[in-house]
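Taking it in order: structure first as structure tokens, then the write-up.
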Amino acid sequence: MTKRYTVTAALPYANGPLHIGHLAGAYLSSDIYVRYLRLMGKDVIYICGSDEHGAAITIRAKKDGVKPKEIVDRYNAQIKQTFEDLGVSFDIYHRTSEPIHHETAQEFFTNLLKKGEFTQKTNEQYYDESQNQFLADRYIKGTCPKCSYDAAYGDQCENCGSALSPTELINPVSTLSGNTPVLKETTHWYLSLDKHADWLGEWINTGQLDGKQHHDPKEWKNHVLGQCRSWVGDLQPRAMTRDLEWGVDVPQDIPGSEGKKLYVWLDAPIGYISATKQWALDNNKDWEPYWKDKDSKLVHFIGKDNIVFHCIIFPAILKAAGGYVLPDNVPANQFMNLEGDKISTSRNWAVWGHEYLEDCKDSIVNHVDVLRYVLIKNMPELKDSEFTWGNFQELNNTDLVGKFANFINRVLVLTNKYYEGVVPDFDASLSIAGSEEEGSTSSYQEELNRLHHRLEELGKLVEAYDFRGGLKALIEIASMGNQFLQFNEPWKLVKTDPETVKVVMNLALQIVGALSVVSQPFLPFISAKLRDLLNLSALENGDLEHLLDDLKAGKAVLPKGSSINKPEHLFTRIPDDVIQQQIDKLEASKVQKVSYEPLKDEITFDDFTKLDLRTGTILEAEKMPKAKKLLKLKVDLGFEQRTVVSGIAEFYKAEEVIGKQVVLLANLAPRKLRGVMSEGMILMAENAQGELVFVSPQDGFGNGFTVR
RNA sequence: GGCGCGGUAGCUCAGCUGGUUAGAGCGCAGGAUUCAUAAUCCUGAGGUCGGCAGUUCAAGCCUGCCUCGCGCUACCA
């Protein structure tokens with residue numbers, strides 16, 4: 001029996017604002033879940049906060065010429081505000097830069113160290129001698145080995161998107177000093193994940209933990225299980241520390257800790273725990289039951305990029321630390337696309353939360369709930385999904401205005417018209433038309449049961465993390481109401497049978513009353529407004545549970561004789577021009593800037609003459625096995641033939657490059673690629689999209705001649 | 001290249017452990033209605049369930065191969 005729930009939402013990284021992909025990924029889903037649990041009277045804590053450490057923030061700070069603290073302060077404040085404005089109801093929004101977090105993370109480190117969970121390993125990493133420090137991946141730039149982009153970072157090439165390790169870069173340069181870094185030995189602590197492989201495998205596959213049933217893996221999403229299974233087969237020790245300057249220190253009393261910081265694995269997720277501690281302090285509560293009591297259900301809401309982190313590494317850390325509960329479920333969402341393209345921060349292809357809030361606050365009625373509705377409706381629960389402004393408008397106009405708000409409006413208007421806004425008394429023995437089938441006969445009690453059943457079904461969907469299903473069920477309740485009115489036609493009946501109309505209208509009001517409760521997890525602002533219209537008090541924890549009990553007992557939501565207010569349009573149609581503005585804004589960001597690479601430092605003619613460039617012709621070409629981007633070429637230089645491995649396979653098929661005339665950098669040191677010695681480099685031009693094209697001499701020009 | 005997850009009506013998606021004529025919403029067509037924000041309600045048309053082969057009495061659901069999308073991963077100038 002679950003006594004309490006600990007719900008976490010992925011910690012946003014504090015180096016940029018939130019966009020709709022974030023919201024649809026982890027925050028709206030968790031918010032619905034938590035709001036629902038609260039309405040059901042559960043003990044639940046909802047945790048989030050900013051992840052404020054790491055190299056990306058330091059780099060950003062250097063670029064802006066400010067201290068890292070300034071960056072994280074700025075974005076923490078902005079992100080926190082966006083969440084608040086969107087009604088995301090965290091119990092605490094914390095920060096990993098807080099002292100309580102540093103202490104908590106360090107305790108974990110010390111604890112794991114004592115328990116022998118770490119092994120120390122030494123390897124070679126780049127070191128900037130002029131700065132006397134090791135270089136984090138992001139501090140190293142160089143030429144991308146894949147696409148030859150010459151400003152790739154040590155962990156990733158932003159041009160071609162491929163993940164890199166610093167030692168792969170060609171001509172690595174320290175971004176701190178501009179010097180060429182040297183490889184130097186460094187020692188780090190590795191968590192021996194391999195030792196945890198057995199129980200992790202069993203836990204993931206069967207849900208068994210320490211011989212007991214911990215959770216039902218069938219309740220986990222396919223893509224989450226699949227991703228986990230592909231990892232548990234081959235678990236390697238993972239470094240838990242890094243040579244960084246901005247983060248949580250490895251505890252000072254540990255030998256060799258100097259200059260070492262905890263890596264994100266041992267930093268960010270522990271932020272959930274330190275945030276809980278802070279919340280407990282603020283509210284005079286005990287944090288431990290939420291993380292250590294067997295009757296606590298831990299649920300992590302994340303995006304799919306975080307699956308391995310939350311399903312393998314963090315559980316291993318918790319289990320190794322001892323005494324902690326493991327997640328009951330990790331309902332990770334996939335990604336949301338925007339107007340047919342991936343959301344991209346660097347390309348500014350996104351709808352930003354704070355911008356939407358500002359842009360639409362006057363032009364769209366209840367703009368926050370509209371956005372929530374559309375994002376939930378298109379939530380990427382099982383596969384990548386799509387957000388388009390056209391769909392946004394359509395959903396608002398059909399579902400929210402046409403079905404939901406319109407039903408409520410009809411009921412309120414009729415009640416005001418017929419009964420001066422007072423919930424009518426009625427004769428429960430009179431028969432009315434049923435809401436589910438045209439021409440069916442039903443009764444007040446029967447319809448109340450039906451409502452009860454619908455609410456229960458909606459709850460089950462939410463409990464199963466099917467939030468789109470829950471949202472659909474919500475709208476269907478309004479649709480049921482519309483049908484109910486349509487089948488009973490009170491506007492006609494009122495002329496011949498006013499007593500039956502009272503039954504109909506009272507029941508319709510009960511449906512509206514129920515909507516004011518059950519809509520709250522999805523559309524909190526509308527829910528509050530609706531409560532006002534109905535003269536009902538603000539919702540409190542347990543109110544949905546009470547509502548269900550009441551309905552089951554045949555009790556009404558709105559007591560007869562109580563009065564309601566004049567109707568107000570809860571949602572209104574969104575005109576085309578408002579949508580067009582948003583589309584135009586997005587399109588403008590698309591054409592915006594073709595970012596040309598900055599010119600390199602000046603060189604001398606002598607520097608240039610070091611290059612031996614030769615004309616050549618490709619004689620043979622074949623795809624490299626087991627490589628996506630490589631072609632193995634044989635190039636004729638007239639006086640000799642060279643084997644060259646070239647990363648152009650994504651743009652040219654082997655057969656179409658044969659016979660091509662090319663320019664070859666002929667005196668480049670040979671290098672082995674995928675086991676083949678590459679003797680030179682073919683010159684290619686590359687545009688902003690990373691597309692490659694040959695730089696060729698005029699056709700028919702001979703081979704082996706110099707280029708200068 | 002390896003691994004994982006997906007590819008179902010024009011659009012967005014449901015389809016439990018394989019089992020009667022494959023579903024919903026939107027859009028579209030026709031009709032009803034006016035209490036309501038031209039909203040609502042009813043009816044209807046629309047699908048080789050990515051492709052090919054196989055297992056089975058029976059496959060959208062199982063197996064193999066192929067193809068496309070997304071993600072992870074790989075000693076990939």
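Lettering of chains follows the sequences in order, A, B, ..., and the numbering in each one begins at 1.
Contacts of A:Lys472 with the nucleic acid, taken as non-hydrogen atoms under 4.0 Å apart, involve only primed sugar atoms and P, OP1 or OP2. Heavy atoms of A:Asp305 sit nowhere under 4.0 angstrom from any nucleic acid atom. At a threshold of 4.0 angstrom between heavy atoms, the contacts of A:Val401 include nucleobase atoms, whether or not backbone atoms are also involved. Note on A:Ser646: nothing from the nucleic acid sits closer than 4.0 angstrom, heavy atoms only. Among the heavy atoms of the strands, none lies under 4.0 Å from A:Arg229.
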Between A:Glu436 and A:Arg454, does a salt bridge (charged side-chain N to carboxylate O under 4.0 Å, His left out) hold up when you go through it step by step?
-> CA-CA 12 Å; A:Glu436 292 195 357; A:Arg454 292 229 180 215; 3.2 Å; yes
Go through A:Leu338 and A:Ile20 one step at a time and tell me if the side-chain contact (heavy atoms from CB on, under 4.5 Å) criterion holds.
-> CA-CA 9 Å; A:Leu338 170 61; A:Ile20 54 170; 4.3 Å; yes
A:Asp466/A:Lys460 under salt bridge (charged side-chain N to carboxylate O under 4.0 Å, His left out): CA gap, chis, key distance, verdict | CA-CA 9 Å; A:Asp466 182 358; A:Lys460 278 183 199 161; over 6 Å; no
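Taking atom C1' in both B:G18 and B:C57, the straight-line distance is 12 Å, to the nearest Å. Comparing the C1' positions of B:C49 and B:G6 gives a spacing of 14 Å, expressed to the nearest Å. Distance noted for atom C1' between B:A14 and B:G47: 15 Å (whole Å). Of the P atoms belonging to B:G46 and B:G1, the separation is 41 Å, rounded to the nearest Å. For B:A24 and B:A9, the C1' atoms lie 11 Å apart once the distance is rounded to whole Å. Annotation: B:C42 and B:G27 have their P atoms spaced 14 Å apart (nearest Å). Taking atom C1' in both B:G44 and B:G4, the straight-line distance is 42 Å, to the nearest Å. Separating the P atom of B:U56 from that of B:U63 is a span of 16 Å, rounded to the nearest Å.
Here the P atom of nucleotide B:C16 and the NZ atom of A:Lys460 are 18 Å apart, to the nearest Å. Taking atom CD1 of A:Ile475 as the reference point, atom P of B:G25 lies 13 Å away to the nearest angstrom. Put simply, CD1 on A:Ile312 is 13 Å from C1' on B:C72, counting in whole angstrom units. What separates CD1 of A:Ile408 from C1' of B:A39 is a distance of 14 Å, to the nearest Å. The distance between atom CH2 of A:Trp491 and atom P of B:A39, rounded to the nearest whole Å, is 17 Å. The distance between atom CG of A:Leu225 and atom P of B:C3, rounded to the nearest whole Å, is 19 Å. For the pair A:Ile307 CD1 and B:C5 P, the computed distance is 11 Å after rounding to whole Å. Between the P atom of B:G27 and the CG atom of A:Asp399 lies a distance of 9 Å, rounded to the nearest Å.
Side chains of A:Leu412 and A:Leu509 form a contact here, defined as non-hydrogen atoms less than 4.5 Å apart. You'll find the side chain of A:Met480 reaches within 4.5 Å of the side chain of A:Leu451, heavy atoms only.
Remark: B:C11 base-pairs with B:G25. Criterion, Watson-Crick or G-U wobble with two distances under 3.5 Å. Remark: B:G30 base-pairs with B:C42. Criterion, Watson-Crick or G-U wobble with two distances under 3.5 Å. Pair assignment for B:G19: B:C57, on the basis of Watson-Crick or G-U wobble contacts that are both within less than 3.5 Å. In this structure, B:G6 forms a base pair with B:C68, meeting either the Watson-Crick or the G-U wobble geometry with both donor-acceptor distances under 3.5 Å. Under the Watson-Crick or G-U wobble criterion, with both distances below 3.5 Å, B:C49 has no partner in any strand shown.
The nucleotide whose nearest atom lies closest to any side-chain atom of A:Asn406 is, among B:U40, B:A14, B:U33, B:U40. Ranking B:C35, B:C42, B:G71 by closeness to the A:Gln486 side chain, first place goes to B:C35. The A:Ser230 side chain lies nearest to B:C3 when the options are B:C3, B:C13, B:C41. Nearest nucleotide to the side chain of A:Val413, out of B:U12, B:U40, B:A36: B:A36. Distance from the side chain of A:Gln483 is smallest to B:C41 among B:C41, B:G71, B:C70. Comparing atom distances between the A:Lys403 side chain and each of B:C26, B:C35, B:C41 picks out B:C26 as nearest. When distances are taken from the side chain of A:Thr398 to each of B:C35, B:C26, B:C42, the shortest belongs to B:C26.
Dense packing is recorded around NZ of A:Lys221, with more than 12 heavy atoms of other residues, nucleotides or ligands lying under 6.0 Å away.
Only A:His569, A:Leu570, A:Phe571, A:Thr572, A:Arg573, listed by number, bring a heavy atom of residues 568-575 of chain A to less than 4.0 angstrom from any atom of RNA chain B. Contacts between residues 492-510 of chain A and RNA chain B, counted as heavy-atom distances below 4.0 Å, involve A:Lys492.
Atoms CD1 and CD1, on A:Ile307 and A:Ile313 in that order, are 12.5 Å from each other to the nearest 0.5 Å. Atom CD of residue A:Gln227 and atom CD1 of residue A:Ile312 lie 9.0 Å apart, to the nearest 0.5 angstrom. To the nearest 0.5 angstrom, A:Phe387 atom CZ is 14.5 Å from A:Lys377 atom NZ.
The shortest non-hydrogen separation linking A:Ala433 to A:Asn488 is N-OD1, 2.8 Å.
A distance-only check finds a donor-acceptor pair linking the side chain of A:Arg372 to the backbone of A:Phe522 [under 3.5 Å].
A salt bridge links A:Glu499 to A:Lys502: at least one charged side-chain nitrogen sits closer than 4.0 Å to a carboxylate oxygen.
For the pair A:Arg410 and A:Gly680, nearest-nucleotide mapping onto RNA chain B gives the more 5' position to A:Arg410. The residue among A:Trp231 and A:Glu436 whose nearest nucleotide of RNA chain B is located toward the 5' end is A:Glu436.
Between A:His300 and A:Phe314, the ring planes are tilted. Angles from 30° to 60° get that label. The aromatic rings of A:Phe301 and A:Tyr465 lie perpendicular to each other, with more than 60° between the two planes, well past the 30° mark.
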Just the table, please: protein N/O against nucleotides 6-10 of chain B N/O, every pair under 3.5 Å.
residue: B:G6; atom: OP1; partner: A:Asn222; partner atom: ND2; Å: 2.8

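Under the 90° criterion around 0 for the glycosidic angle, B:G10 counts as anti.
Using a 3.5 Å distance cut-off with no hydrogens or angles, the side chains of A:Tyr373 and A:Asp399 do pair a donor with an acceptor.
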